[in-house]
Every structure is written in C-alpha cells, then in structure tokens.
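Contents: one structure, followed by commentary.
Order of appearance sets the numbers: ligands from 1, and atoms from 1 within every ligand. Model, not experiment: these values are computed from the prediction.
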Amino acid sequence: MPILSIKTYPDKLLRQKARLVGKIGREVRNLASDMIETMRSADGVGLAGPQVGIGKRIIVVQDIEDDGPAAVFINPKILRKKGSSRICEGCLSVPGVTADIVRPESIVLEALDVDGKKLKIETGGLLARIVQHEIDHLDGVLFIDRVGFLRRKKIMKQVSKNVCMEL
Ligand code: ZN
C-alpha cells in the first residue's frame, strides 16, 4: 500500500471544498487503506481526502483513547453538537504548529463506512474533536482559521517551533 504525499499549508488543494463520494467500490476502499497507512506513518490521528490531494469527502480517524483499528467515514455529516471544550490541536498539513481551539464537546455523526453502510455515532472527547477537525478539511477549513487574525499571525511565526500556543 503506497504512502500518499501530504499537502501542506499554503497548498491550494487544502482550500477546495471536497465533493460527495458516489459509488463506494474498490477504488474508495483502496484510497481509505492508503490514507490510514499514510496517517500512521506520519504519526497522525486523522486525515482527510484533500490533505492527500483527493477532493472527496472521506476521512480516516484513529481513536487514541481506544487503541482499535482506524475508522473510515465517508460523506460524514454532523447532525448535532453539544457543549464546548478547548483542546490543543495540530495538523499534518500545518507542521510544527499547535493551538488551543474551542469546539463542541460532543457530536452526533452520520456517515457511510467502506461497505456503504450508514453509521450514526454519538461521540465526545478526542474522537469528536478529531472528526470535527477532519470534516473542516472537507470544507477547505484549517484549524488555524479558527483563531483570530492576530493570533493566526502569531501562530505562523511559530511555524517551525513545536509548542502549544497560549491563546
Ligand atoms: Zn488537519
């Protein structure tokens, strides 16, 4: 299984809105397993299609609280959001940068799996956080967009330093 190359900021492909996946066949399953392989080799916990130059609504996530297999969510949609939490995020496409980001604490997620089966999952904590971060990628949004302009400028100055920004 090939390791895909990960696009990094400011690559324009990261800004495109990804299209819905139509037929879920072998091609999509191969893409999903390549994405999982790529995520793992980069020590990541999530990866979205646009990050590997594929403008399709597919994400892979690793639940780091539960050491099980990585999950694949196709055409994911957040049906409900609840609460709010602040967690330090990073991104394989914005290497060397981390920042505290506020997002809903728990979500109800609807998606298709690699067999085209519909899933509905209620989740919180880190998994909910990773899923929201990855769905942002499908809409061309990066986590650094979720901080204010001045803070973002500060973050970009920190690009090469691996510290969590106090925001
Ligand atoms: Zn990311």
Donor-acceptor list for residues 1-12 side chains, cut-off 3.5 Å, not counting sequence neighbours:
residue: D11; atom: OD1; partner: L13; partner atom: N; Å: 2.9

Under 2.8 Å from the Zn ion (ligand 1), the protein N, O or S atoms, given as residue and atom: C91 SG, H133 NE2, H137 NE2

I135 with L47, same ILVMFWY side-chain cluster at under 4.5 Å: no

Modelled atom types, side-chain donor and acceptor of S84 and E105, under 3.5 Å: no

Test: D136 and R146 ion pair at under 4.0 Å: yes

Sequence-distant partners of S85, side-chain hydrogen bond (donor to acceptor under 3.5 Å, both in side chains), two or more places apart: R129

Residues forming a ring-ring contact (aromatic ring centres under 6.0 Å, His included) with H133, sequence neighbours excluded: H137, F143

